[in-house]
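The sequence lines fix the lettering, A, B, ..., with proteins before strands; numbering per chain opens at 1.
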Amino acid sequence: MRLKEAVSVLRSKNAGVWHITIDIVFKDEEVYKKAKLKLNEDFFKRLYNRDDLRYFECDGINTLKVSFLRDSAAGSLTDTDCLGANFYIPLLDVEI
Amino acid sequence: MLKALSLMGQLGYGYNKESFDRAIAEDIDYIGVDAGSIDSGPFFLGSGSMKANYQATRNDLEYPLIEASKRGIPFIVGSAGYAGADVHLDGFMEVVRDIARDNNLHLKVAVIHSELDKEYVLSLLREGKIKSYEGNPELNEEDILSSTHIVAQMGVSKFIEALKMGADLIVAGRATDASIYAAYPLLKGYDPALVWHMSKIIECGALCAKPASPSDALLGFVDDDAFYLRPPNPVRRCTPSSALAHSLYENTDPYVIEEPDGTLFLNNAVYEEYDQRTVRIYGAEWKEKSKKSFKLEGARFSGYRTIAIMGIRNPDMIAQLDGILDDVRDRAASEFGDGFSLTFRQYGKNGVLGSFEFDSNLHEVGLIVDVVAEDQRFAHRVCSVVKAHLQHYDYKGRIATGANVAFPYSPAEIDVGGVYEFSVYHIAEDEKIEDRFYIEEIEL
């Protein structure tokens with residue numbers, strides 16, 4: 001199953017000027033537990049190439065959340081996405 | 001039970017009159033609306049411009065303010081004029097004055113300022129009271145000195161003071177979104193954990209409902225042991241999952257929400273269906289801070305921008321594009337020296353995800369030549385020359401000697417004007433910052 005078929009919400013957004021946060025809300029507990037076998041902290045660290053990424057398993061609400069520093073501040077001259085709203089896209093087709 | 005109305009997620013997005021009429025029929029105790037953010041980037045804080053212009057602000061404020069005034073319901077606006085500097089408050093008050101004059105409203109307005117002067121921020125830095133935030137760069141004196149405006153996100157105390165003064169309308173500078181909604185119920189003695197959790201969710205209006213909308217209203221009710229969320233618009237509903245998903249929104253940590261006044265912990269929060277359109281929530285914990293902390297925001301001018309937009313469709317040119325752009329960049333550097341920055345944005349080729357891009361398929365590239373320089377004429381000149389180099393670049397195997405690129409616009413060079421960047425986004429720990437916020441009382 002691809003991740004986009006397993007979730008009710010999959011989004012990224014700025015958390016302030018310097019951080020991106022990604023929310024992955026799964027449709028139910030079963031698929032959440034299955035996804036956690038693959039989507040662990042190391043997986044996200046590799047995918048987003050961030051050693052200092054913060055990873056949260058929100059068991060009661062079947063949600064994974066990761067947060068990390070942006071390449072550059074929102075809206076700076078080299079920034080590509082001022083709202084940080086497209087950083088979930090590498091996750092869409094990940095097989096879980 | 002106390003009843004709050006969140007007019008919408010962001011003033012200026014176009015409010016829903018039917019929702020407002022339904023909500024106000026419920027005998028609400030106060031109305032709140034968030035009018036600003038830093039989401040749209042550094043331009044608004046740096047330049048002092050309002051994102052919602054005069055017409056957009058007046059459209060969303062006029063009718064609700066008239067109705068609130070008739071009924072004596074306090075109306076609270078946070079981050080007025082978008083970025084919350086004094087110049088934004090001035091722009092917002094122009095709208096308020098016109099509405100009051102044209103509708104013969106008599107209002108006691110409390111304008112709360114939260115712009116800080118640079119000397120003061122420098123003194124905080126020198127005293128070691130400013131820290132970086134989850135790993136962003138340390139602040140230095142140049143960051144402060146180069147900022148055009150620096151504001152602090154205020155907490156609830158000045159809102160509470162303004163309510164005690166009997167303000168009909170509070171127009172606050174930069175404030176945390178939740179403080180807009182938390183002040184009134186805290187003043188009335190409700191449980192801080194319930195109040196802050198509710199305020200955190202309702203500040204985005206019907207964004208926490210299904211279907212979600214930032215332009216529609218949300219009702220929040222708080223009593224002694226829970227709070228309740230319900231959209232006044234009957235086509236929407238709030239469910240445990242919609243409210244819960246929203247409580248994660250825009251925070252790096254799903255369970256810990258920092259406010260100037262304290263910290264909200266959501267680990268044990270419970271979200272229950274109350275009826276088909278209402279969710280009942282309780283169980284968060286609130287810990288008052290021993291020393292208040294404030295988020296500082298600053299932006300600085302970084303030059304004038306000129307862009308040229310062009311499309312590249314020839315596969316041979318696309319295959320060599322990285323080398324072509326490196327070469328053109330070198331030529332620009334040798335022709336013009338420094339005093340400008342040149343960025344190539346390649347839409348169709350890593351333009352959105354940058355270093356995170358994983359899909360190598362492409363057949364055309366939308367290229368933006370983006371030049372930022374000390375003055376507009378220089379930016380224009382560099383952009384024009386770089387554009388010409390690309391237009392006529394003699395890449396290997398070139399057989400079409402007309403022009404290499406497609407220009408959708410004439411003129412190809414577009415002067416964008418001033419460009420800003422964030423210079424300050426840091427935490428300051430000092431109770432006394434609050435003394436810098438001040439309330440201006442205006443009788444209209």
Side-chain angles (χ1 to χ4, degrees), chain A residues 7-28 47-94, chain B residues 37-46 132-137 240-242 244-256 266-271 295 297-299 302-303 305 341-343 345 347 350-359 370 372 419-426:
Chain A
V7 294
S8 55
V9 175
L10 173 56
R11 69 178 169 217
S12 65
K13 187 79 203 298
N14 287 348
V17 162
W18 282 100
H19 295 86
I20 297 287
T21 190
I22 299 176
D23 301 335
I24 311 170
V25 184
F26 290 88
K27 284 177 179 165
D28 57 50
L47 183 69
Y48 288 104
N49 194 24
R50 289 289 187 281
D51 287 338
D52 55 353
L53 173 144
R54 302 176 75 198
Y55 167 82
F56 302 93
E57 295 180 351
C58 311
D59 284 351
I61 56 177
N62 303 324
T63 295
L64 295 176
K65 188 169 174 73
V66 295
S67 303
F68 51 86
L69 272 171
R70 292 164 132 275
D71 279 338
S72 51
S76 63
L77 296 186
T78 54
D79 179 33
T80 58
D81 184 1
C82 187
L83 299 174
N86 291 278
F87 288 80
Y88 69 94
I89 289 183
L91 289 162
L92 282 173
D93 291 327
V94 169
Chain B
S37 173
I38 53 163
D39 265 7
S40 296
F43 176 78
F44 300 96
L45 179 57
S132 70
Y133 173 68
E134 291 175 6
N136 65 322
S241 67
S242 76
L244 198 158
H246 189 75
S247 68
L248 306 172
Y249 190 56
E250 293 177 330
N251 293 310
T252 53
D253 190 310
Y255 297 124
V256 181
L266 300 179
N267 310 60
N268 299 316
V270 178
Y271 301 74
K295 208 173 271 182
E297 298 169 351
S302 50
R305 171 175 273 149
S341 85
L342 170 61
T343 309
R345 298 186 177 277
Y347 283 106
N350 312 347
V352 175
L353 290 184
S355 62
F356 298 117
E357 185 53 65
F358 55 93
D359 186 346
D370 175 353
V372 176
V419 181
Y420 297 81
E421 63 191 332
F422 286 118
S423 43
V424 182
Y425 191 76
H426 293 78

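No part of R70(A) comes within reach of chain B, as not one of its non-hydrogen atoms sits under 4.5 angstrom from that chain. Heavy atoms of L69(A) lying under 4.5 Å from chain B belong exclusively to its side chain. With a threshold of 4.5 angstrom between heavy atoms, D59(A) approaches chain B through N, CA, C or O but not through any side-chain atom. Proximity to chain B (any heavy atom under 4.5 Å) is shown, for Y48(A), by both the backbone and the side chain.
In terms of the salt bridge (Lys or Arg N to Asp or Glu O under 4.0 Å) criterion, D81(A) has no residue partners (sequence neighbours excluded).
No donor-acceptor contact under 3.5 angstrom links the side chains of T80(A) and R345(B), judged on distance only. Using a 3.5 Å distance cut-off with no hydrogens or angles, the side chains of D71(A) and S355(B) do pair a donor with an acceptor.
The shortest side-chain heavy-atom distance between P90(A) and L353(B) falls under the 4.5 Å cut-off. Between L248(B) and K65(A) there is a side-chain heavy-atom pair separated by less than 4.5 Å. Between Y255(B) and C58(A), the closest side-chain pair of non-hydrogen atoms falls below 4.5 Å. When side chains are defined from C-beta on, L47(A) does not count as touching F356(B), because their heavy atoms never get closer than 4.5 Å. Annotation: side chain of N251(B) is not in contact with side chain of T21(A) (no heavy-atom distance under 4.5 Å).
Across every non-hydrogen atom of I38(B) and V17(A), the tightest pair is CD1-CG2, 3.4 Å. Here the closest heavy-atom approach between residue Y425(B) and residue G16(A) is recorded as OH-CA, 3.1 Å. Here the closest heavy-atom approach between residue D370(B) and residue L77(A) is recorded as OD2-O, 4.5 Å.
Proximity of a side-chain donor or acceptor of H19(A) to a complementary backbone N or O of E134(B) within less than 3.5 Å is detected.
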Practice problem: Start with the C-alpha distance between E421(B) and D79(A), add both sets of side-chain angles, then the distance that settles side chain to side chain contact (heavy atoms under 4.5 Å, CB included), and finish with yes or no. | Solution: CA-CA 10 Å; E421(B) 63 191 332; D79(A) 179 33; over 6 Å; no

